[in-house]
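Structure first, commentary second.
Note on naming: letters A, B, ... go to the chains in the order of the sequence lines (proteins, then strands), and numbering restarts at 1 for each one.
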2 protein chains.
Amino acid sequence: MPNALEQAKALFVRRWGEMGGYWGINRTMAEIHALLFVTQEPLCTDDFMMQLKISRGNASMNLRALVDWGLIRRTHKLGDRKEYFQADTDIWHMFETILRERRRREIEPILETVEHCREIVSAPKTASQEDIDPEQVRALRRRLDELHSFLTTMGALFDLALHYGSDGMGKLARSLGVANEPRAADRGPTRTERPARKSRRAKPSSTERK
Amino acid sequence: MPNALEQAKALFVRRWGEMGGYWGINRTMAEIHALLFVTQEPLCTDDFMMQLKISRGNASMNLRALVDWGLIRRTHKLGDRKEYFQADTDIWHMFETILRERRRREIEPILETVEHCREIVSAPKTASQEDIDPEQVRALRRRLDELHSFLTTMGALFDLALHYGSDGMGKLARSLGVANEPRAADRGPTRTERPARKSRRAKPSSTERK
DNA sequence: CAATTGTTTCGAGATATTCTGAAATATAAG
DNA sequence: CTTATATTTCAGAATATCTCGAAACAATTG
């Protein structure tokens with residue numbers, strides 16, 4: 001019977017893994033990340049293999065993907081040739097990373113398509129298409145416009161979130177309960193840049209697109 | 001060769017379908033939804049079968065799921081026994097529905113787990129566990145606390161978004177000086193309540209969990 | 001109630017995704 | 001250079017997910 005500490009960790013790892021699916025990452029990847037999150041010391045590939053009961057290949061693939069995402073980073077121990085991994089402890093930064101990725105994958109492509117669709121229906125009629133119901137075209141265009149403006153707003157809010165950082169968001173949430181905040185001229189040192197992510201070996205990112 | 005209108009619709013349907021995966025709904029479901037979104041008239045099962053080239057069973061399943069989600073609703077035509085379906089035209093309301101569902105699936109479960117984990121590690125030691133490193137416990141608790149407060153803030157922001165509605169968010173984004181297109185079509189008062197969803201036949205929702 | 005029309009369910013098959021295990025590749029040390 | 005140690009890759013196996021199609025079910029009509 002594992003002690004309370006281990007029990008809590010295991011529970012967290014399991015649940016975080018299940019949630020992974022909803023966040024666009026697979027279970028194993030999420031579990032690895034969770035394990036790193038609840039463990040302060042850096043862990044090496046063998047640790048993941050044992051604790052999560054996964055193969056070496058699987059561990060390697062998912063560790064790489066996590067590094068590519070920017071959610072964990074490689075570290076080393078003196079006199080040890082193994083690579084160790086460590087999760088970002090800054091939750092806000094973690095969230096930032098995920099948010100950025102999600103926007104790139106969920107909002108940008110559909111925005112592009114909406115724009116493209118608008119072009120198509122806005123192009124001047126050709127002779128062969130004079131039978132298109134102009135009412136239908138107007139209706140479609142209206143919907144596309146609405147969607148476009150909606151997505152733009154959403155994108156802007158993402159930017160906002162990324163820009164303000166955790167403190168800002170907390171404040172924002174609180175102040176919105178009352179009135180609109182007065183255009184923060186004074187936000188503190190908010191992190192916005194990502195830490196430099198260097199791949200050990202140069203390699204065209206393999207974890208693009210699905 | 002389809003005309004511009006059809007072309008635009010088809011493009012949108014295809015892309016929206018691809019995006020579906022990221023939003024936790026499968027391709028077909030997303031395509032059905034997209035088709036309804038770009039079509040003003042209500043469509044019936046056969047329309048979906050033809051236009052999307054899917055089987056009747058598939059159409060039925062996914063239509064039901066969409067209705068359960070609250071993203072589309074059933075309607076009828078006078079003197080016609082078929083069921084027709086119609087998408088919510090209010091984009092904000094659509095988003096609201098998705099947001100609500102996502103919070104329920106993505107934030108709440110992990111929040112619960114975090115709380116549970118805290119309880120586990122906070123419980124008084126039993127005799128058999130006196131060897132747990134208290135430093136480790138403290139560290140874990142710290143991380144859990146951070147995560148907890150983060151998730152709570154996020155939940156609050158969701159509530160805010162839901163509460164304020166489209167106009168509020170648009171205004172907010174604008175007032176915060178974010179680049180944002182002028183809103184198309186001024187629509188009436190923002191809807192906030194969901195339309196009553198009645199299943200034709202009583203039936204325990206089959207589309208729970210994944 | 002039998003016929004007609006429309007909807008839902010569900011097992012089997014098709015697809016897509018993830019994982020394993022072992023071979024190939026890389027890195028460091030002697 | 002050779003050996004020892006670590007990491008990555010990838011084809012095939014294992015899983016998970018989605019779709020079809022047909023039978024079962026329900027509602028309406030005559």
Side-chain angles (χ1 to χ4, degrees), chain A residues 17-18 20-33 42-68 72-85 198-210, chain B residues 17-18 20-33 42-68 72-85 198-210:
Chain A
E18 286 165 13
Y22 295 127
W23 290 82
I25 65 184
N26 71 40
R27 174 184 303 246
T28 304
M29 207 188 300
E31 284 179 353
I32 291 177
H33 182 251
L43 300 177
C44 71
T45 307
D46 299 84
D47 294 326
F48 297 112
M49 290 171 60
M50 290 190 185
Q51 301 209 42
L52 303 177
K53 284 147 176 48
I54 57 176
S55 72
R56 187 171 299 280
N58 195 7
S60 172
M61 295 281 243
N62 284 301
L63 282 167
R64 167 205 289 276
L66 279 168
V67 171
D68 284 349
I72 67 175
R73 57 185 188 288
R74 300 176 199 269
T75 56
H76 295 273
K77 283 187 179 172
L78 261 149
D80 191 338
R81 269 169 65 187
K82 278 210 269 310
E83 280 191 317
Y84 288 79
F85 297 87
K198 66 150 207 286
S199 289
R200 206 161 54 121
R201 283 179 267 296
K203 185 197 128 299
S205 166
S206 65
T207 320
E208 287 295 86
R209 298 272 119 223
K210 202 182 203 172
Chain B
E18 286 165 11
Y22 294 127
W23 290 81
I25 66 184
N26 71 42
R27 173 184 304 246
T28 303
M29 206 188 301
E31 283 179 354
I32 290 177
H33 182 252
L43 300 176
C44 71
T45 307
D46 299 84
D47 293 326
F48 297 112
M49 288 170 61
M50 289 188 186
Q51 299 209 43
L52 302 177
K53 286 151 176 45
I54 58 176
S55 73
R56 187 171 299 281
N58 196 5
S60 172
M61 295 280 243
N62 285 301
L63 281 168
R64 167 205 287 275
L66 280 169
V67 171
D68 283 349
I72 68 176
R73 55 184 190 289
R74 298 176 200 270
T75 55
H76 295 275
K77 281 188 181 172
L78 262 149
D80 190 338
R81 270 169 61 188
K82 277 209 273 305
E83 280 192 317
Y84 288 78
F85 297 86
K198 66 149 205 290
S199 290
R200 207 160 55 120
R201 282 179 267 296
K203 185 195 129 298
S205 165
S206 64
T207 320
E208 288 296 85
R209 297 276 117 221
K210 198 183 202 171

Output the rounded distance in Å from [atom1] ([X]) to [atom2] ([N]).
X	N	atom1	atom2	result
A/Leu63	C/dC19	CG	C1'	14 Å
A/Ile54	C/dA22	CD1	P	17 Å
A/Leu66	C/dT18	CG	C1'	15 Å
B/Arg27	C/dT15	CZ	C1'	11 Å
A/Asn62	C/dC19	CG	C1'	9 Å
B/Met49	C/dG6	CE	P	12 Å
A/Lys53	D/dA14	NZ	P	20 Å
A/Ile25	C/dT17	CD1	C1'	15 Å

Closest nucleotide among [options] to the [X] side chain:
X	options	result
B/Arg64	D/dT7, C/dT8, C/dG6	C/dT8
A/Lys82	D/dC18, D/dA6, C/dT9	D/dA6
B/Glu83	D/dG21, C/dT7, D/dT9	C/dT7
A/Met61	D/dC20, C/dT7, D/dT9	D/dT9
A/Ser55	D/dC18, D/dT8, C/dT20	C/dT20
A/Asn58	D/dT8, D/dT19, C/dC19	C/dC19

Whichever of B/Arg81 and A/Thr28 has the more 5' nearest nucleotide on DNA chain C, that residue is B/Arg81
Is the shortest side-chain heavy-atom distance between [X] and [Y] below 4.5 Å?
X	Y	result
B/Phe48	B/Thr28	no
A/Arg56	A/Met49	yes
A/Ile72	A/His33	yes

Quick one: closest heavy-atom pair of A/Gly17 and A/Glu31, and the distance? CA-CG, 3.8 Å
Where is the tightest heavy-atom contact between A/Ala59 and A/Ile32, given as atom of each residue plus distance? O-CD1, 4.3 Å
Mind checking A/Arg56 for me? I need base, sugar-phosphate or nothing, with any heavy atom below 4.0 Å counting as a touch. base
Assign each of A/Gly57 and A/Asp80 the nucleotide of DNA chain D bearing its closest heavy atom; nearer the 5' end lies the nucleotide of A/Asp80
